[in-house]
Amino acid sequence: MPEGPSILHLKNKMLPFKGKVVKAAGGYGKMPTAWINGKKLQDILTWGKHILFVFANGTVRVHLGLFGEVVINERKKVNRSFFLEFATGEINGYIVRAQKLEKTAKETYDWRTDILSPLFDKAHVKSLIKTKAAKTIDDVLMDQDVFSGVGNKIRNESLFRAGIHPLSNTGKIPAAKITKLVNEVLIYTKRFYDQLEKKGVHDDFQVYKQEYAPDGSEVTMKNLTKTKRKIYFSEHKQVLYK
DNA sequence: GTGCATGTTACGAG
DNA sequence: ACTCGTAACATGCA
């Protein structure tokens with residue numbers, strides 16, 4: 001389910017529980033949950049793909065991984081890995097990883113890299129990209145310490161829209177193109193999110209899982225051996241900086 | 001049954 | 001100590 005926009009969309013659906021008291025918390029995950037019982041859910045935050053449930057005595061980070069799912073006021077057949085039950089309603093996580101933060105959310109996270117946060121800081125992120133000059137740009141985009149919330153879809157679509165080949169050497173990409181890339185990430189992320197909010201699904205792809213790009217150019221699919229992910233790009237429209 | 005999917009982390013080798 | 005590569009995890013759908 002994840003990728004930043006989906007997580008923020010999910011958070012919005014959970015917001016009615018903000019301020020409510022947890023009657024029972026649990027799940028098969030390793031994290032102890034007794035400390036949550038009877039506590040008020042003070043806030044729900046997100047950072048990239050992380051969901052944060054804030055309580056007076058601690059914050060729970062929930063991550064959905066590749067297959068994770070959170071449903072509200074319904075149950076699936078399999079066991080819940082993490083759940084919060086309230087007097088009315090419940091939040092049920094399946095195949096999610098829950099852990100208690102050692103510090104507060106504010107001390108743990110830097111929202112300047114969160115592509116869905118109003119605190120996102122382009123200049124800061126561009127300076128981080130400079131420190132990754134030796135890596136290929138597809139890896140930098142997926143680096144959650146640089147672009148929190150970017151997943152495989154946003155990566156492929158942003159690179160296409162910026163006209164940059166995914167295997168480009170980051171240090172060789174002109175500054176103006178990096179700026180364009182950062183802007184395209186933000187634009188596409190917002191479009192992704194807006195679609196989810198408006199119609200509940202997101203299906204706006206120009207290269208991801210496509211055979212042809214909108215301009216008719218052929219889309220190439222390549223398996224990345226290291227990360228075991230797939231990249232989709234147009235050899236014709238995306239410049240390889242090497 | 002097979003293959004694939006919006007992801008991360010743990011651990012051993014080098 | 002750090003970086004790299006691989007395995008591991010767990011479900012649902014075509």
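Lettering follows sequence order; numbering is per chain, from 1.
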S.K.: Considering only the P atoms, how many Å lie between dC11(B) and dA10(C), rounded to the nearest integer?
M.R.: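 Those two atoms are separated by 15 Å.
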S.K.: Quick one: closest heavy-atom pair of Tyr232(A) and Gln210(A), and the distance?
M.R.: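 Smallest interatomic distance, heavy atoms only, reads CD2-N, 4.4 Å.
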S.K.: Under 3.5 Å, which N/O atoms of the protein pair with N/O atoms of nucleotides 12-14 of chain C?
M.R.:
residue	atom	partner	partner atom	Å
dG12(C)	OP1	Lys76(A)	NZ	3.4

S.K.: Any carboxylate oxygen within less than 4.0 angstrom of a Lys/Arg side-chain nitrogen, looking at Lys106(A) and Asp110(A)?
M.R.: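 Looking at Asp110(A) together with Lys106(A), the answer is no, because their closest N to O distance does not fall below 4.0 Å.
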S.K.: dT6(C) phosphate, OP1 or OP2: any side-chain N/O from Lys228(A) under 4.0 angstrom?
M.R.: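 So the side-chain polar atoms of Lys228(A) never come under 4.0 Å of the phosphate oxygens OP1 or OP2 of dT6(C).
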S.K.: I want to check one thing: is the phosphate of dT8(B), taken as OP1 and OP2, less than 4.0 Å away from some side-chain N or O of Gln144(A)?
M.R.: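 True: Gln144(A) side-chain N/O within range (under 4.0 Å) of dT8(B) OP1/OP2.
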S.K.: If you assign each of Thr225(A) and Tyr28(A) to its closest nucleotide in DNA chain C, which residue comes earlier from the 5' end?
M.R.: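 The 5'-side residue here is Thr225(A).
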S.K.: Parallel, tilted or perpendicular: which describes the rings of Trp47(A) and His50(A), with under 30° parallel and over 60° perpendicular?
M.R.: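 Judged by the thresholds at 30° and 60°, the geometry between Trp47(A) and His50(A) is perpendicular.
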S.K.: For Leu64(A) versus Pro2(A), what's the shortest heavy-atom pair and its separation?
M.R.: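 Looks like CB-CG, 4.2 Å.
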S.K.: In whole Å, I'd like the distance from the CG atom of Asp143(A) to the C1' atom of dT3(C).
M.R.: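 For the pair Asp143(A) CG and dT3(C) C1', the rounded distance is 14 Å.
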S.K.: Starting at atom CG of Asp138(A), determine the distance to atom P of dT6(B), rounded to an integer number of angstrom.
M.R.: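 Rounding to the nearest Å, CG of Asp138(A) and P of dT6(B) are 14 Å apart.
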S.K.: Among the nucleotides dG7(B), dA10(C), dA5(B), which one has an atom lying closest to any side-chain atom of Lys230(A)?
M.R.: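 Among dG7(B), dA10(C), dA5(B), the one nearest the side chain of Lys230(A) is dA5(B).
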S.K.: Take the protein atom CG of Asp145(A) and the nucleotide atom P of dT8(B), then report the distance between them rounded to whole Å.
M.R.: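 Taking atom P of dT8(B) as the reference, CG of Asp145(A) is at 10 Å.
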S.K.: Among residues 148-168 of chain A, which residues get a heavy atom nearer than 4.0 Å to DNA chain B?
M.R.: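 Only Gly151(A), Asn152(A), Lys153(A) qualify.
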S.K.: Would you say Val62(A) and Arg97(A) make side-chain contact, with heavy atoms under 4.5 Å?
M.R.: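 When only atoms from C-beta onward are counted, Arg97(A) and Val62(A) do not touch, as no gap falls below 4.5 Å.
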S.K.: Between dC4(C) and Lys135(A), is there an OP1 or OP2 to side-chain N/O distance shorter than 4.0 Å?
M.R.: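 True: Lys135(A) side-chain N/O within range (under 4.0 Å) of dC4(C) OP1/OP2.
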S.K.: Is a donor on one side and an acceptor on the other found under 3.5 Å between the side chain of Lys172(A) and the backbone of Leu240(A)?
M.R.: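 No: the side chain of Lys172(A) does not pair with the backbone of Leu240(A).
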S.K.: Can a salt bridge be assigned to the pair Glu90(A) and Lys23(A) using a cut-off of 4.0 Å between side-chain N and carboxylate O?
M.R.: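 No salt bridge links Glu90(A) with Lys23(A).
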S.K.: Do the side-chain N or O atoms of Lys226(A) get closer than 4.0 angstrom to the phosphate oxygens (OP1, OP2) of dC4(C)?
M.R.: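 It does not, given that no N or O in the side chain of Lys226(A) lies less than 4.0 Å from OP1 or OP2 of dC4(C).
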S.K.: Output yes when a side-chain donor or acceptor of Ser168(A) lies under 3.5 Å from a complementary backbone atom of Tyr241(A), and no otherwise.
M.R.: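 Indeed, once roles are kept as given, a pair shorter than 3.5 Å links the two residues.
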S.K.: Measure CZ/Arg229(A) against P/dG3(B) and give the value in whole Å, please.
M.R.: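 These atoms are roughly 19 Å apart.
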S.K.: Using the C1' atom as the point on both nucleotides, what is the distance between dT6(C) and dT6(B), in whole Å?
M.R.: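 Per the computed distance, 22 Å lies between those C1' atoms.
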S.K.: Any chance the side chains of Thr179(A) and Lys126(A) put a donor and an acceptor closer than 3.5 Å?
M.R.: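 On atom types as modelled, these side chains qualify, holding a pair under 3.5 Å.
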S.K.: According to salt bridge (charged side-chain N to carboxylate O under 4.0 Å, His left out), who are the partners of Lys11(A), at least two apart in sequence or on a separate chain?
M.R.: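 Listed in chain order: nothing, the list is empty.
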S.K.: Just to confirm, is there a sub-4.0 Å distance from OP1 or OP2 of dT6(B) to any side-chain nitrogen or oxygen of Tyr208(A)?
M.R.: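 Checking Tyr208(A) against dT6(B): at least one side-chain N or O falls below 4.0 Å of OP1 or OP2.
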S.K.: Rounding to an integer number of Å, can you tell me how far Arg75(A) CZ sits from dT11(C) P?
M.R.: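 About 17 Å, once rounded to whole Å.
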S.K.: All N/O contacts under 3.5 Å from nucleotides 9-13 of chain B to the protein, with atom names and distances to one decimal?
M.R.:
none

S.K.: Nearest 0.5 Å, what's the NZ-CG distance between Lys135(A) and Leu141(A)?
M.R.: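 Rounded to the nearest 0.5 Å, the NZ-CG separation comes to 13.5 Å.
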S.K.: Using whole Å, report how far NZ of Lys49(A) lies from C1' of dG7(B).
M.R.: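 The distance from NZ of Lys49(A) to C1' of dG7(B) comes to 6 Å, rounded to the nearest Å.
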S.K.: Lys180(A): which residues meet the salt bridge (charged side-chain N to carboxylate O under 4.0 Å, His left out) condition with it, sequence neighbours left out?
M.R.: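 Listed in chain order: Glu184(A).
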S.K.: List the steps and the verdict of ring pair (Phe, Tyr, Trp, His ring centres under 6.0 Å) for His202(A) and Tyr193(A).
M.R.: CA-CA 8 Å; His202(A) 163 68; Tyr193(A) 174 69; over 10 Å; no
S.K.: Give the stems involving DNA chain C, where a stem is 3 or more consecutive Watson-Crick or G-U wobble pairs (i with j, i+1 with j-1, and so on) under 3.5 Å.
M.R.: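 Listed by first number, the stems are B:2-5 with C:11-14, B:7-14 with C:2-9.
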S.K.: Could you check how far CD1 of Ile95(A) sits from P of dT11(C), rounded to whole Å?
M.R.: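 In whole Å, dT11(C) P and Ile95(A) CD1 are 5 Å from each other.
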S.K.: Using 4.0 Å as the upper bound for N to carboxylate O, is an ion pair formed by Glu157(A) and Lys153(A)?
M.R.: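 Salt bridge between Lys153(A) and Glu157(A), a charged N being under 4.0 Å from a carboxylate O: no.
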S.K.: Can you tell if the side chain of Trp111(A) reaches within under 4.5 Å of the side chain of Asp121(A), non-hydrogen atoms only?
M.R.: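 Contact flag for Trp111(A)/Asp121(A) side chains = no.
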S.K.: Please report, rounded to the nearest Å, how far the P atom of dT6(C) is from the CG atom of Leu224(A).
M.R.: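 My rounded result for the distance is 13 Å.
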